[in-house]
Amino acid sequence: MTPRTPRAGEDADDLDVEEALALVNDAHTAGDRPTGDRTRGNDGTYGNGRCNGPHGTSASGAPAHRDGTDWAEARATAERAPRLRGGHRGGHLEPVPVPLSSALGLTLAAPLIALTDLPSFDTSAMDGWAVSGPGPWDVREEGVLAGHTAHAPLTDGEAVRIATGARIPPDTTAVLRSEHGLTDDKGRLHATAATRAPHTVSHGQDIRPRGQECRNGDQLLPVGTLVTPPVLGMAAAAGYDTLTAVPRPRAAVFVLGDELLGEGLPHDGLIRDALGPLLPPWLRALGADVVDVRRVGDDEDALHRALTACDADIVVTTGGTAAGPVDHVHPTLRRLGAELLVDGVAVRPGHPMLLARIAEKQYLVGLPGNPLAAVSGLVTLAEPLVRTLAARPAPEGYTLPLRDAVQGHPHDTRLVPVALRGDRALPLLYNGPAMLRGIAAADALAVVPPGGAKPGYEAELLDLPWASGGIGVCFT
């Protein structure tokens, strides 16, 4: 095919994959890669410097992208960014006390120390009879139920009906399970288990002794433990009403553009907003608390006002990160005196993504406007940033062989939606920057190196949150 020249300010991610590849090949053959300096000084902040040079900016005043940061290095930069400025050494947010009902998915910031023995008294492990001494036994008339106060001690040859979890009466030898005992016509209890001699039980049988699981003061779980449903149950059993945990980073989503519709069919040059519905739940799945979702028109002052008034830990913007006439993210970051940490990434789709520190402990992740390109920016920059702020552990890396060949970019990493089929990853079609059909059917994104990959290539995979955890786990 014959490549066309991109319009002013148009990034290759705005084109079809094949067209973008042709453009890149043509550009490198002709030797017309931009050679000008970036628009920021050595300290990473925006300034006057050379930002008005002929190669450093576009007509809109936004910096012209060169190759961009290596994909792996961009992810590492996002992960360590909070550790380099303020806050805790680990980079996470200030720990807070959180009620058990709100702590699911958070990370423990203090060890879980038992506040009591577990169990806190000797309890019956089964429904049956508490018995004293060898049988047969005379059975007391009144039984022992869970939650009731202690009963009088048993004497040798005496038994009492007991429920699971009930407090063991003093001087109890063992608990005889209901299925292992039988009362005769005189009301006397006999042991009937075939594996034991008649009228005998083992000392301590089916009794959970006090402190069997832990003693008061024992460490149950260390700092850094992810709060799961079993952790919540253990904390409650150990006497906790609240947990000291790292809170979820507060995130705001600003969807930029005048061409977006919130409902109905596209018409008259307007298109549906796909990222407004997509990004907030994805950020929640990553561990963020989405506190604001709004549309911002193609107006630099409107974007500046929205950012200035926002107090979220992370602001995620969509579109406006390239160098077109309505791409206002770079100029707005200059006005704010932001520190640009990543300005373009050598990844397709999603090349013109960016990461900036806009305040001491506030970050902006600028995503491209095309849907799959925005997803690429989300997993490249937002995921590691949110993970560090929330003190979440890094996911376990793994690889699988590709079932089919994947066309690569000559110089950049590609992120390609794949479905997991047994022990192989199946690359999916409809993986252009503006498409969501592939990612909607995907289980993961495959990391494809420059130049592409042949069938059988062991590709690094980035799991999509819902693929392993399930919708209910990820989005609550």
Side-chain angles (χ1 to χ4, degrees), residues 7-11 13-14 34-69 74 77-78 81-82 84-86 251-258 292 294-346 350-369 373-374 377 380-382 385:
R7 297 187 300 274
E10 179 180 57
D11 190 89
D13 277 343
D14 295 321
T35 57
D37 292 316
R38 297 284 183 128
T39 68
R40 55 190 174 94
N42 292 333
D43 61 354
T45 57
Y46 281 107
N48 294 325
R50 292 186 290 274
C51 68
N52 296 318
H55 301 293
T57 60
S58 68
S60 70
H65 288 291
R66 295 195 295 178
D67 291 339
T69 304
T77 298
L84 303 179
R85 183 74 65 87
V253 177
F254 295 167
V255 181
L256 312 183
D258 290 337
D292 187 14
R294 69 174 70 182
R295 298 260 293 281
V296 180
D298 289 322
D299 181 279
E300 182 180 335
D301 288 335
L303 178 59
H304 184 267
R305 287 193 299 271
L307 289 175
T308 302
C310 183
D311 64 354
D313 302 302
I314 302 170
V315 181
V316 177
T317 63
T318 69
T321 56
V326 292
D327 290 334
H328 299 305
V329 174
H330 281 94
T332 302
L333 291 175
R334 282 199 299 275
R335 287 176 64 182
L336 294 170
E339 180 185 2
L340 200 56
L341 304 175
V342 175
D343 186 15
V345 179
H351 175 261
M353 67 182 73
L354 62 85
L355 172 64
R357 183 182 283 112
I358 55 179
E360 183 70 17
K361 298 178 184 179
Q362 188 180 40
Y363 299 87
L364 182 140
V365 177
L367 305 179
T380 300
L381 298 178
L385 178 65

Legend entry - Y363 vs L385, side-chain contact (heavy atoms from CB on, under 4.5 Å): CA-CA, chis, key distance, verdict: CA-CA 9 Å; Y363 299 87; L385 178 65; 3.8 Å; yes
Inset, instruction - Kindly determine whether R335 and E300 satisfy side-chain contact (heavy atoms from CB on, under 4.5 Å), including the steps that lead there. - result: CA-CA 10 Å; R335 287 176 64 182; E300 182 180 335; 3.2 Å; yes
Legend entry - Stepwise side-chain contact (heavy atoms from CB on, under 4.5 Å) test for V253 and D292: CA-CA 6 Å; V253 177; D292 187 14; over 6 Å; no
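Proximity of a side-chain donor or acceptor of R357 to a complementary backbone N or O of A81 within less than 3.5 Å is detected. Using a distance-only test at 3.5 Å, with no hydrogens or angles considered, a donor-acceptor pair links the side chain of Q362 to the main chain of C310. Between the T69 side chain and the V345 main chain, no donor and acceptor come within less than 3.5 Å of each other.
Proximity of F254 to V316: side-chain heavy atoms (C-beta onward) are nowhere separated by under 4.5 Å. Looking at heavy atoms from C-beta onward, T308 lies in side-chain contact with L336 at the 4.5 angstrom threshold. Side-chain atoms of T317 and L364, non-hydrogen and from C-beta on, do get closer than 4.5 Å to each other. You'll find the side chain of T321 stays beyond 4.5 Å of the side chain of H351, heavy atoms only. Contact of the L256 side chain with the V329 side chain is registered, since non-hydrogen atoms from C-beta on lie closer than 4.5 Å.
Distance check, rounded to the nearest 0.5 Å: NE2 of H328 to CG of D301 gives 9.0 Å.
The heavy-atom pair separating A252 from A312 by the smallest distance is N-CB, 3.8 Å. For A356 against A338, the heavy-atom pair with the smallest separation is CB-CB, 4.4 Å. Nearest heavy-atom pair, A78 versus T380, reported as atom, atom and distance to 0.1 Å: CB-O, 4.4 Å.
Partners of D311 under the side-chain contact (heavy atoms from CB on, under 4.5 Å) rule, at least two apart in sequence or in another chain, are R250.
Just one residue in the list L333, L367, V365, L381 forms a side chain to side chain contact (heavy atoms under 4.5 Å, CB included) with L354, and that residue is L333.
With 3.5 Å as the limit, one finds a donor-acceptor pair spanning the side chains of D343 and H330.
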